[in-house]
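Here the structure comes first, spelled out in structure tokens, and everything after it is commentary.
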Amino acid sequence: MEMMTFPRYSPDDIVNYLRSHILAGAEARNLVKGDVFGNPKPEVLHMIYMRILQKVYGIRLEHFYMMPVNVDIMYAQIFEGFLPVCNLYIHMERLLPVCRINDFQIADVLNPKTKRTARFLSGILNFVNFRELRREVYLELQLNYKLAMEKHQQLETANREAAVKLEKLNTVPVEHQAEVRQLTDNIRELEQLLRQDYRRKQTALQEVISQKKSDIAESTRKLNELKVTMATLKEEQEQLKSKIVESPEELKNYKELMKETVKKLKKCKQEVIEKYESYRDLVEVLPSCQLEVQLYQKKMERQGANVERLASVLSEVRDLEDQLESAQIELKKGKTDEMSLKRLVTAKHEKLSTAEIRIKKKREDVEQYKHTVLEYCNRVQEKRGAVYDKVTAIHKEIQQTRFKIQQLNENAEKEEMKAKEIYLNLKAGLEKRHDSLIKTAKSYAASREDKMAELKKGLLKVQTPGSSS
């Protein structure tokens, strides 16, 4: 650190920088190159040094004309003319070691030299330029830290609100628990009745199917027997043709008898065919009946799933209604919705009570009511899907906010570490400067005491010739 140096600026660059960044107004316009270089003017350099100290340390102009309060001076009037130069030297001796200049002397203030002044100003301007750059970074860092803390607080409040909302969504209100239990019990009773009706219909249908199968088997057996009898009759007819008597009356009677038997056989055959076709139609209808039965089974399973979801959906809907009631604008709408839901619940209770009576009387009314219940469950399922989407969106927002909070905390920790490092560096520099200032004050006090002693000796010498004369 002690061996580090800085670039040497040309006189033109130094004058331009002083005019644009250090001085202002008439001071900047009146500054010329000959005031600082060639034959430097002490009053101009004093003014430049004061402006630099004001810019870096914020020292006001009246501080240069104040007597130090930590030094006991007997004759303060003696130092009135020298006090601004002395204070300027003290502050410059504190500033220049920070700029990596360690050979500054009081002669550089009272009788400045061109080369030393150019080197001092180069180091000072290099430090001022570096200070401005780092000051912008520090201010930006401070602003970002402040914004990050505000954002952190906002996210914490949003996180707490979201947690409260989630807790409210996950809890079922106490005043609605009994109503939900009663609805679930009624739906379970209705489901049990529907299942019993379904089993009864299924067993009856199976019995009819088995009866029809047995009838079909019996009719096919009879048809086969009739076919066998027809074959035997044809054989007998062939045999009888050879034994026919030539008597026309007997032949005629026999033919009429045979025609009657043939008509009877045809009639029986037609009846058997008609029964066979009806039974075949019934057998063909059987798969469609089975498909319909399977469809009813699936609907019953869906109804069971929807019934299990109904209680949670109703609680979530009521929670959402409570949230909507918090707004004054939607208060009336929330009340009307609550009243409509209460009417709907009472209507459902009435329907359930009437359905229990009608199930015992009419099966068709039970099927119609089941259809209405399925439609209502579908609507409730749609509402539950919308509520579930909202809850998932809230969960995603909470995760995103937690991730952002974590990132902001990490960034804040990093910025805090950087700020601590800057603070430690500044503190170390200030401590170093304080030590050098203490040494300077001590040396100044010692030199002042020596000068006071010399002045006293001079006064004594002056007094002794006067007394002798």
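The figures that follow rest on heavy atoms only: side chains count, while hydrogens, waters and symmetry mates do not.
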Least distance between heavy atoms, [X] atom then [Y] atom:
| X | Y | result |
| --- | --- | --- |
| A118 | I14 | O-CD1, 4.0 Å |
| C99 | G123 | CB-O, 3.7 Å |
| K55 | R131 | O-NH2, 3.3 Å |

Are more than 12 heavy atoms, taken from residues, nucleotides or ligands other than [X], located less than 6.0 Å from that residue's [atom1] atom?
| X | atom1 | value |
| --- | --- | --- |
| Y138 | OH | no |
| N39 | CG | no |
| Y57 | OH | yes |
| E43 | CD | yes |

Working to the nearest 0.5 Å, report the span between [atom1] of [X] and [atom2] of [Y].
| X | Y | atom1 | atom2 | answer |
| --- | --- | --- | --- | --- |
| L155 | N409 | CG | CG | 9.5 Å |
| E413 | K420 | CD | NZ | 9.5 Å |
| I124 | R100 | CD1 | CZ | 14.5 Å |
| I59 | I52 | CD1 | CD1 | 12.0 Å |
| R199 | L194 | CZ | CG | 11.0 Å |
| Q202 | I209 | CD | CD1 | 9.5 Å |

Residues that [X] engages under side-chain contact (heavy atoms from CB on, under 4.5 Å), provided they are two or more places apart:
| X | value |
| --- | --- |
| K439 | none |
| D13 | Y9, S10 |
| D450 | none |
| L133 | N129 |

- Message: Show, in sequence, the C-alpha distance, side-chain angles and deciding distance for I90 and Y444, and conclude whether the side chain to side chain contact (heavy atoms under 4.5 Å, CB included) test is met.
- Response: CA-CA 10 Å; I90 291 170; Y444 175 75; 5.6 Å; no
- Query: Should the pair K165-E161 be classified as a salt bridge under the 4.0 Å nitrogen-to-oxygen rule?
  - Reply: no
- Task: Could you tell me whether K432 and D435 have a side-chain N and a carboxylate O separated by less than 4.0 Å?
- Result: no
- Would you please test L121 and Y49 for side chain to side chain contact (heavy atoms under 4.5 Å, CB included) and show each step? CA-CA 9 Å; L121 290 175; Y49 290 155; 4.1 Å; yes
- Message: So if I apply the side-chain contact (heavy atoms from CB on, under 4.5 Å) rule between K146 and each of M149, E150, Q142, which one comes out positive?
- Response: E150
- Message: Check whether H46 reaches the backbone of V109 with its side chain - one donor and one acceptor, N or O, closer than 3.5 Å.
- Response: yes
Enumerate donor-acceptor pairs with a distance under 3.5 Å from any side-chain N or O in residues 399-407 to protein atoms, sequence neighbours excluded.
residue : atom : partner : partner atom : Å
T401    : OG1  : E397    : O            : 2.9
T401    : OG1  : I398    : O            : 2.6

For residues [X] and [Y], determine if any side-chain heavy atom of one lies less than 4.5 Å from a side-chain heavy atom of the other.
| X | Y | answer |
| --- | --- | --- |
| L96 | N102 | no |
| E27 | R51 | yes |
| I106 | L110 | yes |

Residues in salt bridge (charged side-chain N to carboxylate O under 4.0 Å, His left out) contact with [X], at least two apart in sequence or another chain:
| X | value |
| --- | --- |
| K414 | none |
| D12 | K33 |
| E156 | none |

- Query: Which pairs pass ring-ring contact (aromatic ring centres under 6.0 Å, His included) with one or both residues in residues 86-126, sequence neighbours excluded?
  - Reply: F64-H91, Y89-F104, F104-F120
- Kindly write out the residues that satisfy side chain to side chain donor-acceptor pair (under 3.5 Å) with K151, not counting sequence neighbours, or none if the list is empty. none
Expected list for residues 17-24: side-chain donor-acceptor pairs under 3.5 angstrom, two or more places apart:
residue : atom : partner : partner atom : Å
R19     : NE   : L31     : O            : 3.2
R19     : NH2  : L31     : O            : 2.5
S20     : OG   : N16     : O            : 2.9
S20     : OG   : Y17     : O            : 3.4

- Query: Could you give all pairs that pass the side chain to side chain donor-acceptor pair (under 3.5 Å) test and reach residues 106-122, with sequence neighbours left out?
  - Reply: D103-R119, D108-R116
